Protein chains: 2
Amino acid sequence: MADVMAPERGVGALTAAGADDAPGREPPYDLIELLFFAYRDFVRDVDEALAAYGFGRAHHRVLHFVDRNPGLTVTDLLDILKITKQSLGRVLRELVDQGFIVQREGASDRRQRRLYVTTRGDELALELARLQSARIGRAIELAGPEAGDAARRFLYAMVDRDERGKVEKLTALGRPRGGGA
Amino acid sequence: MADVMAPERGVGALTAAGADDAPGREPPYDLIELLFFAYRDFVRDVDEALAAYGFGRAHHRVLHFVDRNPGLTVTDLLDILKITKQSLGRVLRELVDQGFIVQREGASDRRQRRLYVTTRGDELALELARLQSARIGRAIELAGPEAGDAARRFLYAMVDRDERGKVEKLTALGRPRGGGA
DNA sequence: TGGATAAGTCAATATGGCTGACGTAATGGC
DNA sequence: GCCATTACGTCAGCCATATTGACTTATCCA
């Protein structure tokens, strides 16, 4: 690639390390950029695989969380994804229409449509998870297992404070080992 | 309308779909999900701030990389963002039209339009970087500085193998100081 | 019984991507 | 000097994902 010039600016703006959000402190550009690049490549894997099914990234997110949390309600899903009901609508409908997800009336609250993956849905979810798994496995191999653990703590701390409780309950973090069934 | 409830099909497969077994072990669902949640919140901050300027996430990415790498060419940018020329086109035009970025003819290759931020562009880039910086600062405070360092190594290792060289040259990693090491 | 909640839907719109096709100017190898 | 290639820009159309706002239906619950 073409050689990129070094920045001419910002270098003078630093202060000593130690304070976090002091006004003149240089932002952690390395982490900011690595988050972008890591995420960019992390999702590209899956996007390609999804294309074969005529699905997009949004379908994956829904499928994933339903797969991992059987019986999730639509409201739960909206809160996880932080999107609107209307946005979810199309994606969910397509997943249901094509037999990847089923909806069942809530046992105690019949207004709810609890969501479950079908066998097919579980298979697809697993296929996609394995792609992501492979990349993560390679990364941990390269960066060391402690880096994986630390990344877990760092990423968790990157989540909005008032979302952390939900995240913990919802994710594998909240599950001791093995998880499902 | 609400008669979309699916029949019994697939319900038998709800719980114990053959997950944890076949080829290898259980995917690292914790990291998979934390990447999603962390990124979700990481970009939400900035998205809100950008709305005030009538810009979107795409504008931010362009502004950021030009700010950090003055003299970047359009081709460089396309390779960083992994989008098409046409997609970049509109976003870049808006940033130029509104005085956040300027284009200058390349000195040695006059076909190039080298990109630079204006003072205004630099200010906006910095404002946005500080938002991200604040979140990262809080995260490191919570997870510990070693977690930040490890996260840096982990995220770097998450990048496509054949992209890592470029990423290193391009980002703060390739520059002395900062997260250097 | 009536207000609140869960879900679904219609319609319009924005944004950020994509492919394909073309055009122009400059470079660089021969 | 010629010509293929490169760098950039742009027109046109399309798709996926998201938004706001308004409305309906069914159900729950105080």
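The sequence lines fix the lettering, A, B, ..., with proteins before strands; numbering per chain opens at 1. Since the model is a prediction, treat every value here as computed from it, not as a measurement.
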OP1 or OP2 of D/dA7 under 4.0 Å from side-chain N/O of B/Thr73: no

Here the gap from A/Leu72 atom CG to A/Gln112 atom CD, rounded to the nearest 0.5 Å, amounts to 10.5 Å

With a 4.0 Å cutoff (strictly under), does any side-chain N or O of A/His59 reach OP1 or OP2 of D/dT17? yes

A/Pro27 and B/Ser133: which non-hydrogen atoms are nearest, and at how many Å? CA-OG, 3.6 Å

Yes or no on side-chain hydrogen bond (donor to acceptor under 3.5 Å, both in side chains) for A/Thr119 and A/Asp122, after CA distance, side-chain angles and deciding distance? CA-CA 5 Å; A/Thr119 302; A/Asp122 181 68; over 6 Å; no

Tell me which of A/Leu72 and B/Gly56 sits closer to the 5' end of DNA chain C, going by the nucleotide each one is nearest to. A/Leu72

Between C1' on D/dT17 and CZ on B/Arg57, what's the gap in Å once rounded to a whole number? 11 Å

Dot-bracket for DNA chain D, please, read 5' to 3', with Watson-Crick or G-U wobble pairs under 3.5 Å on both distances, ( ) within the strand, [ ] crossing, | other strand, . unpaired. ||||||||||||||||||||||||||||||

Check: A/Arg57 side chain, A/Asp47 main-chain N or O, donor-acceptor pair, under 3.5 Å: no

Any B/Phe36 side-chain heavy atom under 4.5 Å of A/Leu81 side chain: yes

Expressed in angstrom and rounded to an integer, what is the separation of B/Leu77 atom CG from D/dA7 atom C1'? 14 Å

Atom-to-atom span, CG of A/Leu78 to P of D/dT17 - whole angstrom: 16 Å

Are any side-chain N or O atoms of B/Ser87 and backbone N or O atoms of B/Ile83, one a donor and one an acceptor, separated by less than 3.5 Å? no

Between A/Phe55 and A/Tyr53, what is the ring plane arrangement, given parallel below 30°, perpendicular above 60°, and tilted in between? parallel

Taking CG from B/Leu50 and P from D/dT19, how many angstroms apart are they, rounded to a whole number? 16 Å

Is there a side-chain hydrogen bond (donor to acceptor under 3.5 Å, both in side chains) between B/Tyr116 and B/Gln103 once you walk through the steps? CA-CA 6 Å; B/Tyr116 302 86; B/Gln103 299 167 292; over 6 Å; no

Taking the side chain as every heavy atom from C-beta outward, state whether A/Val117 and A/Val66 have any atom pair closer than 4.5 Å. yes

Looking at B/Phe42, does the NZ or CZ of B/Arg135 lie under 6.0 angstrom from its six-membered ring centre and within 45 degrees of the ring axis? no

How many whole angstroms separate atom CZ of A/Phe55 from atom C1' of D/dC15? 16 Å

Counting only heavy atoms and a strict 4.0 angstrom limit, can you tell me which residues of residues 82-96 of chain B come near DNA chain C? B/Lys82, B/Ile83, B/Thr84, B/Gln86, B/Ser87, B/Arg90

Output the rounded distance in Å from CG (B/Asp76) to P (D/dT6). 15 Å

I'd like to know whether NZ of A/Lys169 has more than 12 heavy-atom contacts from other residues, nucleotides or ligands below 6.0 angstrom. no

For C/dG8, does either OP1 or OP2 sit under 4.0 Å from a side-chain N or O belonging to A/Gln103? yes

Nucleotide nearest A/Ala58 when distance is taken to its side chain, options D/dG9, D/dT17, C/dA6: D/dT17

Check whether A/Arg44 reaches the backbone of A/Tyr39 with its side chain - one donor and one acceptor, N or O, closer than 3.5 Å. no

If I take atom CG in residue B/Asp47 and atom P in nucleotide C/dT15, what distance separates them, rounded to the nearest angstrom? 12 Å

Below 3.5 Å is the cut-off: list the nitrogen or oxygen pairs between protein and nucleotides 26-30 of chain C, distance only.
{"unit_1": "C/dA26", "atom_1": "OP1", "unit_2": "B/Arg110", "atom_2": "NH2", "d": "3.1"}
{"unit_1": "C/dT27", "atom_1": "OP1", "unit_2": "B/Arg110", "atom_2": "N", "d": "3.2"}

Expressed in angstrom and rounded to an integer, what is the separation of B/Arg44 atom CZ from D/dT17 atom C1'? 17 Å

